[in-house]
Every structure is written in structure tokens, then in C-alpha cells.
Amino acid sequence: MKKVAILGSTGSIGTQALEVVEKHGMQVTALAAHSNVEMLAAQAKKYHPEAVCIFDPAKTEQLETLLMGERIEVLTGMDGLCEIASATSHDILLNSVVGTVGLLPTLKAIEAGTDIALANKETLVAGGSLVMKAAAEKGVNIYPVDSEHSAIFQSLQGNAMNRIRKIILTASGGPFFGKKKADLTQVRAADALKHPNWNMGNKITIDSATLMNKGLEFIEAKWLFDLDPSQIEIVVHRQSVLHSAVEYEDYAVIGQMGVPDMKIPIQYALLYPNRVECPTQPLSLTDYGSLTFEKPDYETFDCLRAAIDAITEGGLRPAIVNGANEEAVGHFLRDEIGFLEIGELVRAAMEHVPGGEVRCYEDVLEADQAARSFVREKLANR
Ligand code: NDP
Ligand code: MG
């Protein structure tokens, strides 16, 4: 059985991954979280990893106390995440932290030659060119966990020699589907946190409400599958049953369907290429009756257009849009800004923060920081 290390084990993806791990008796070599020491310690006691990392240094002592006598190494900070990512005691690293903070550990895992199950989409949005180039050089496989990208990956199986015309990237439309800007002026974090189909972490739930999530996924797809942005079509599909599809040269469209449950793509990434029973429900198409497909509303959802513009321009532009979004979403979650301001701030950063080429990790980090500072300054001066 494969051995797995999980960064972000206390989150929505991380905890579902542990259900999959448990179902198949996989061995866990390392676990990491940001600050949820209680849950991390409980997971460590249950799965007996060699090491755990708590990112927040203020929580290290508490974790050490909770794990007294367990013979588990306790790490902290970015150094700790990178130490886990660089270790070679696991066969696959699941990167399910949230945000750009996931980029460096991804690069470290690639350096170590370890395959990655990648949920952390911000990694590819900010540093896609670096990640894909390094992975190709090292022969490292990146298995997508994001349900749409897993669906595309599954639809590509057995078709290595065939030309792709386009990718159909499906979007649920989020909780504000059908609304116009005038309807969204009073939206608060609590309203945006109610997603119709998926139960996810706060940041991605807000990204789903602004449709930034689909913009980030557009960029993620470009990098994972080496596509031109013109080859990606976003289609709103409210039921989240068709998780995405590939159109080939002959106009045959091959897609993947299933209930909206992340355990299916998580398991496929962890156990690829095996298909074994997953701890989820079967799909009953007749329960759904009909599936619908519509065009996205780019007028209302500014973030989506900003992300597509960013990857079309290329270079550091996606890292800027991503950094600005992460900062803006943080303010929105604290009820400091309105819903529509997220898109306005992202668009402003997209237009005003200087871009340039992506030569190395530091370039990406700098662009990310510049975008965040831009948003903070804009808010301080309003
Ligand atoms: P959550 O907010 O639920 O979980 C995030 C996890 O990452 C938690 O374990 C958190 O720890 C940990 N974490 C955050 N920052 C750090 C850090 N600096 N160092 C170490 N650990 C950290 O997010 P999700 O699980 O929803 O999402 C994770 C990623 O997967 C995101 O990039 C998201 O876009 C992507 N994704 C998620 C999907 C979903 O269904 N949830 C679907 C597709 C993609 P702590 O608990 O201590 O804060
Ligand atoms: Mg997705």
C-alpha cells in the first residue's frame, strides 16, 4: 500500500482524504495544519505519522505537550512544511493547504522526486510555469484532486495520442447564480458561505461565490494539461454531476460524472490508476431527472474575467490576481469589505501592480506580496 504525507490534514480535503486513507489501509507518514492543534494531535494519535507540522509557531509547544510520549517529530513553520515535502519516506504528497503558501512545498516535493496529489490550486495559479517545468524535468507526476481537473484527467486516459480540441470546464455557478450586481451589494460573508453543492473550506467557498474559483481552475487547467486559454470553455452546470469533459479531434466529448463528493477525485489521485470502492454514494441519474448547461455571466462576476485576462496576458499576472484575491477574500471573511469589492480590488490589482516574467520562485513571491500590499493600501486609503 502507498504511503502518504498530507499537508492541510485538518481541512475539508484533508479530512476527506483521511477517510479514503483509512478505507484502504494506507500508511500516513506526515500530517500538517496551520493552527488547529487539537485536531492535528488527534489525527497524529490515530494515524501514527513519523512527523507532524503546525505552521503557527505559537502552537508548537501545545502540540508537543499533546503528543508527549508518542515518538512523533514535531515541526513548525514553512521550514516544517518543506521538511515534510522534501522527505522521501512517502510515495505521494497530498498538498491540500489553502493559498499560495502551498507553492514552495510543492516545489520541494518535486525536487525530491515525489509524486503529488494536488488540491492546492493556488500553487498552479501563482507558479504554474515553474511547477510544470520542474515536474517534467524530474519526471514527477502531478495528480489533480480538484474535481474538474480530475474529471479531465480521467477523460484523457487512453487518449495520449489524440488531439484535444477543447476542455469543457463545468461550474456550479455558486450561491449567487442568476443574480446581478445590484442584487449583490448587501451580501455578507455568512450569505456567501452557503454553497449549494459542496461543503468546503471558507476561502474556496467565497471563491465559488465570486466565480473566482472557476477563474483559478481555468488557469489550473491551462497548466496541468498544457492548453491554450482559447481551448477552455466554461459552462455553468448547476447540478455538479458532470465534473468536466474533453472534446477530441473527432468532436467526441468524453466526460466524467458522479455525485458531488470530493472523495472520488481524492481517491483517484491517491490510488491512480486503480479504481476500487470509494466511501461515497452511487450516482442515480434519474434522481436528478435533468441536467442543465448555461453560459457564465462575466458581467456580474468580475473575478472570472480578471483571472482569464491574467492567464491570457501571462507572466506574473496570474500570481498578482491570485494574491489580490486571497487578500481581498480575507477582508471579506472578516466582514470588512462588501462582496462586490472583491472583484473590484482584484481587477484594480490586475491593472496596476507591475507584472513581468516568471523566472524563479522569488519572482512569484514578490508579485504575490505586491498584490496583497496593493489591496491593503487601497483599503486603507478609501
Ligand atoms: P480548508 O480551509 O478546509 O483547509 C485548509 C487546510 O490547510 C487546513 O488543514 C489548514 O489548517 C491548512 N493550512 C492552511 N494554511 C496552512 C499553512 N500555512 N501551513 C499548513 N497548513 C495550512 O480548505 P479546503 O480543504 O477546502 O481547501 C484546500 C485546498 O484545496 C484549497 O486550495 C482549495 O482551493 C482546494 N480545493 C478544495 C476543495 C474542497 O472541496 N474543499 C475542492 C477543490 C479544491 P488549519 O485547520 O489549522 O487552519
Ligand atoms: Mg473544483
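Computation of the quantities below employed the complete heavy-atom set of this structure, encompassing side-chain atoms and omitting hydrogens, waters and symmetry-equivalent molecules. Quick note: residue numbers are just sequence positions, from 1. One-based numbering, in listed order, for ligands and for the atoms of each.
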Please name the atom of [X], limited to N, O or S, that comes nearest to the Mg ion (ligand 2).
{"X": "Glu217", "result": "OE2"}
{"X": "Glu148", "result": "OE1"}
{"X": "Asp146", "result": "OD1"}

What is the nearest protein non-hydrogen atom to [atom], stated with its residue, atom name and distance?
{"atom": "atom 41 (N) of ligand 1", "result": "Ser12 OG, 3.1 Å"}
{"atom": "atom 2 (O) of ligand 1", "result": "Gly201 CA, 3.7 Å"}
{"atom": "atom 32 (O) of ligand 1", "result": "Glu122 OE1, 2.7 Å"}
{"atom": "atom 38 (C) of ligand 1", "result": "Ile13 CD1, 3.4 Å"}
{"atom": "atom 28 (C) of ligand 1", "result": "Ser96 O, 3.3 Å"}
{"atom": "atom 35 (C) of ligand 1", "result": "Ala119 O, 3.1 Å"}
{"atom": "atom 16 (C) of ligand 1", "result": "His34 CB, 3.5 Å"}
{"atom": "atom 34 (O) of ligand 1", "result": "Lys121 CE, 3.2 Å"}

Self-check item: Sub-4.0 Å heavy-atom approach of Gly14 to ligand 1
Solution: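 So Gly14 does not count as touching ligand 1.
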Quiz item: Can Leu7 be said to touch ligand 1, with heavy atoms closer than 4.0 Å?
Solution: no
Quiz item: Any idea which of Ile204, Val97, Leu118 brings a heavy atom closest to atom 29 (C) of ligand 1?
Solution: Val97
Quiz item: Any idea which of Ala17, Ala33, Ser35 brings a heavy atom closest to atom 20 (C) of ligand 1?
Solution: Ala33
Quiz item: Hey, is Asp146 close enough to Lys121 for a salt bridge, meaning N to O under 4.0 Å?
Solution: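 Salt bridge: yes.
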Quiz item: Would you say Glu148's side chain and Glu217's backbone share a donor-acceptor pair under 3.5 angstrom?
Solution: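 No; zero donor-acceptor contacts below 3.5 Å.
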Quiz prompt | Check: Leu270 main-chain N/O paired with Lys2 side-chain donor or acceptor under 3.5 Å | solution =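 Answer holds: yes.
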Which one holds for [X] and ligand 1: side chain close, backbone close, both close, or neither close, with close meaning a heavy atom under 4.0 Å?
{"X": "Ser147", "result": "neither"}
{"X": "Leu40", "result": "neither"}
{"X": "Thr10", "result": "both"}
{"X": "Asn36", "result": "both"}

Quiz prompt | Worked check of ring-ring contact (aromatic ring centres under 6.0 Å, His included) between Phe176 and Phe339 | solution = CA-CA 11 Å; Phe176 305 131; Phe339 182 74; 5.1 Å; yes
Quiz prompt | Any side-chain heavy-atom pair of Glu122 and Val98 under 4.5 Å | solution = yes
Exercise. Determine whether His48 and Ile72 make a side-chain contact, defined as any pair of heavy atoms from C-beta on separated by less than 4.5 Å.
Key: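 Counting from C-beta outward, His48 and Ile72 never come under 4.5 Å.
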Exercise. Among Asp115, Leu93, Ile116, find the residue that satisfies the side chain to side chain contact (heavy atoms under 4.5 Å, CB included) test when tested with Ile110.
Key: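 It is Ile116; the other options fail the test.
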Could you tell me, atom by atom, which parts of ligand 1 come under 4.0 Å of a heavy atom of [X]?
{"X": "Asp146", "result": "43 (C), 44 (C)"}
{"X": "Phe55", "result": "17 (C), 18 (N), 19 (N), 20 (C)"}
{"X": "Gly8", "result": "6 (C), 7 (O), 9 (O), 12 (C)"}

Quiz item: Of all heavy-atom pairs between Glu50 and Ser89, which one has the smallest distance, and what is that distance?
Solution: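 Shortest heavy-atom separation between Glu50 and Ser89 comes out as OE1-OG, 3.2 Å.
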